[in-house]
Amino acid sequence: SPLYVGLLFGGQSGEHDVSITSARAIASALNQNSRYQVQPFYIQRDGTWRSPDISQQVLDSGKGLQDSELLTDAAFFLPTEVQTVDLWFPVLHGPNGEDGTVQGLLQLMHKPYVGNGVLASSVGMDKIAMKAIFANAGLPQVKYVALNRWQWQQDEQSWSEHIEATLGYPCFVKPSNLGSSVGISKVRDRQQLKEAIASATSYDPRIIIEQGVTAREIECAVLGNEQPQASAIGEITFTSDFYDYETKYTAGKADLIIPSKLPDNVTQAVQSMAVKAFQTVAGSGLARVDFFYVEATGTVLINEINTFPGFTSLSMYPKLWEYSGIPFTQLCDRLVELALEKHV
Ligand code: ATP
Ligand code: MG
Ligand code: MG
Ligand code: MG
């Protein structure tokens, strides 16, 4: 009998549409293997789960539901078809999807699920927690200041002086718990700093301010459970001020270079740091680890780990594995195997 794979996609974050595109690519890969029977579950922007029939329509059209098609019911419930799922494949990015919340629900269902568990997901999504854990593991990072809205409002003047003295300008202001560069600003003076903090705290009461570095942006894919493998290294180039939301999601605004042309020792350092970061957050299945390579000094700094990276056919994560010898379809198979292996 086939393995019923529950494909979870859509979701409540700003990365809803990216998730639909990722899920379409994964569904068509899984459908090539007669061992799997894909059962799609679309999660509306308000968090409501939809049954496989309507979810399949969303997958086929590649577009989220229109307002008139939304199910509006204040009570949270799971569609009855959830009972037949043998293994879950959550294809969700951002808060309430990539941050351990959904992983906790799947864990309680006692069925295997693809990718990271509760701890790795929540630590990876929260930049303050992630950086504290990376620092503890000795992974080099940019200087930063962690802050919450209440602390900032108590004494804006002292915090501004502290940030200017320890980080200087330019610096980056970010919501702690987000992705896709949503809520992130690059700031160059006190006035911009205040505006950026007001913006970031509107997304999350916890924020982080980082020293800005001038660096090449490189990414490494990790695959596995206890003995994870690192892929070849990719690089992103663009002409915008930084890799912001528009640059990420407008066709033609950024180029992915695979493999990145780096000195051998830098490639090796990045790969070993990627595996170390993955193990440090207790990763399983997959992650994309992002770095800054400061060419002037030859320094590699870790920026972040993404526990469910973009997974469209054009995304860095599957492209890195394709280059490293694992085509998209095989990559999906491998993730299913890793989920089964972890669940025993
Ligand atoms: P993702 O979509 O990868 O999850 P994210 O929302 O978690 O992104 P970051 O990766 O932290 O955001 O930052 C987004 C981009 O902002 C980086 O790719 C880089 O271009 C720029 N950036 C962030 N922090 C810094 C920094 N300290 N110095 C220089 N550039 C930075
Ligand atoms: Mg991120
Ligand atoms: Mg992300
Ligand atoms: Mg990033």
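This is a predicted model, so every value here is computed, not measured. Counting starts at 1 for both ligands and their atoms, following the listed order. When a residue number appears, it is its place in the shown sequence, counting from 1.
Within the 4.0 Å heavy-atom shell around ligand 1 one does not find K186. Residue contacts with ligand 1 leave out H93, since none of its heavy atoms falls under 4.0 Å from the ligand. The shortest heavy-atom distance from Y144 to ligand 1 is not under 4.0 Å.
Residue-ligand proximity, Q211 to ligand 1, at heavy-atom distances under 4.0 Å covers atoms 26 (C), 27 (N), 28 (N). Each of the atoms 3 (O) of ligand 1 lies under 4.0 Å from some heavy atom of R288. Close approach to E210 involves these atoms of ligand 1, each under 4.0 Å from a residue heavy atom: 24 (N), 25 (C), 26 (C), 27 (N). Listed by number with element, the atoms of ligand 1 under 4.0 Å from a non-hydrogen atom of K174 are 9 (P), 11 (O), 13 (O), 23 (C), 24 (N). If you number the atoms of ligand 1 from 1 as listed, the ones under 4.0 Å from a heavy atom of D290 come out as 3 (O). Interface atoms of ligand 1 facing K127, defined by a heavy-atom separation under 4.0 Å, are 5 (P), 7 (O), 9 (P), 11 (O), 12 (O).
Under a 3.5 Å cut-off, the side chain of Y169 and the backbone N or O of R190 do form a donor-acceptor pair. For K111 (side chain) and V85 (main-chain N/O), a donor-acceptor pair under 3.5 Å exists by modelled atom type. Under the 3.5 Å distance criterion, the side-chain polar atoms of S176 are matched with a main-chain donor or acceptor of I128. In this structure a side-chain-to-backbone donor-acceptor pair under 3.5 Å is present from N116 to S284. Checked by atom type and distance alone, the side chain of D99 never pairs as donor or acceptor with a backbone atom of S122 at under 3.5 Å. With hydrogens and angles disregarded, no donor-acceptor distance shorter than 3.5 Å links the side chain of S51 to the backbone of T80. Under the 3.5 Å distance criterion, the side-chain polar atoms of T329 are left unmatched by any main-chain donor or acceptor of A29. For the pair R24 (side chain) and L59 (backbone), a donor-acceptor distance under 3.5 Å is present.
Nearest protein heavy-atom neighbour of atom 16 (O) of ligand 1: F242 CD1, 3.2 Å. Of all protein heavy atoms, the one closest to atom 20 (O) of ligand 1 is E217 OE2, 2.4 Å. Scanning the protein heavy atoms around atom 3 (O) of ligand 1, the nearest turns out to be E304 OE2, 2.8 Å. Atom 4 (O) of ligand 1 has its closest protein heavy atom at N306 OD1, 2.8 Å. Atom 15 (C) of ligand 1 has as its closest protein heavy atom Y243 O, 3.6 Å. The protein non-hydrogen atom at the shortest distance from atom 12 (O) of ligand 1 is I184 CD1, 3.2 Å. The shortest contact between atom 8 (O) of ligand 1 and any protein heavy atom is with K248 NZ, 2.9 Å.
When the options T247, V213, L178 are ranked by their closest heavy atom to atom 28 (N) of ligand 1, first place goes to V213. Taking each of G124, S181, S185 in turn, the one with a heavy atom nearest to atom 14 (C) of ligand 1 proves to be S181.
Because the distance cut-off is set at 2.8 Å, S180 fails to qualify as a neighbour of the Mg ion (ligand 3), as none of its N, O or S atoms comes that close. In summary, no N, O or S atom of M125 is located under 2.8 Å from the Mg ion (ligand 2).
Geometrically, K174 does not engage Y203 in a cation-pi contact defined by less than 6.0 Å to the ring centre and at most 45° from the axis.
Neither the backbone nor the side chain of T214 has a heavy atom within less than 4.0 Å of ligand 1. Contacts of D244 with ligand 1, taken as heavy-atom pairs under 4.0 Å, are absent altogether. Contact annotation for F172 and ligand 1: only side-chain heavy atoms (C-beta onward) come within less than 4.0 Å of the ligand.
Interatomic distance, L147 CG to R206 CZ, rounded to the nearest 0.5 Å: 11.0 Å. Note: S22 OG to F89 CZ = 10.0 Å, rounded to the nearest 0.5 Å.
E210 has no carboxylate O lying under 4.0 Å from a charged side-chain N of K127, or vice versa, which leaves the two without a salt bridge. Ion pair R45/D67 not flagged as a salt bridge, since none of the NZ, NE, NH1 or NH2 atoms sits closer than 4.0 Å to an Asp/Glu carboxylate oxygen.
For ligand 1, none of its N or O atoms has an N or O atom of E15 under 3.5 Å away. Residue contacts with ligand 1: G212 is placed with no nitrogen or oxygen under 3.5 Å of a nitrogen or oxygen of the ligand (distance criterion only). For ligand 1, the polar-atom distance check finds no N/O of Y249 at less than 3.5 Å from any of the ligand's N/O atoms.
Taking each heavy atom of G325 and P327 in turn, the nearest pair found is O-CD, 3.5 Å.
Between Y317 and F308, the distance from one ring center to the other does not fall under 6.0 angstrom.
The number of heavy-atom neighbours closer than 6.0 Å to CD of Q229, taken from other residues, nucleotides and ligands shown, is 12 or below.
The Mg ion (ligand 2) sits nearest to atom OE1 when only the N, O or S atoms of E304 are considered.
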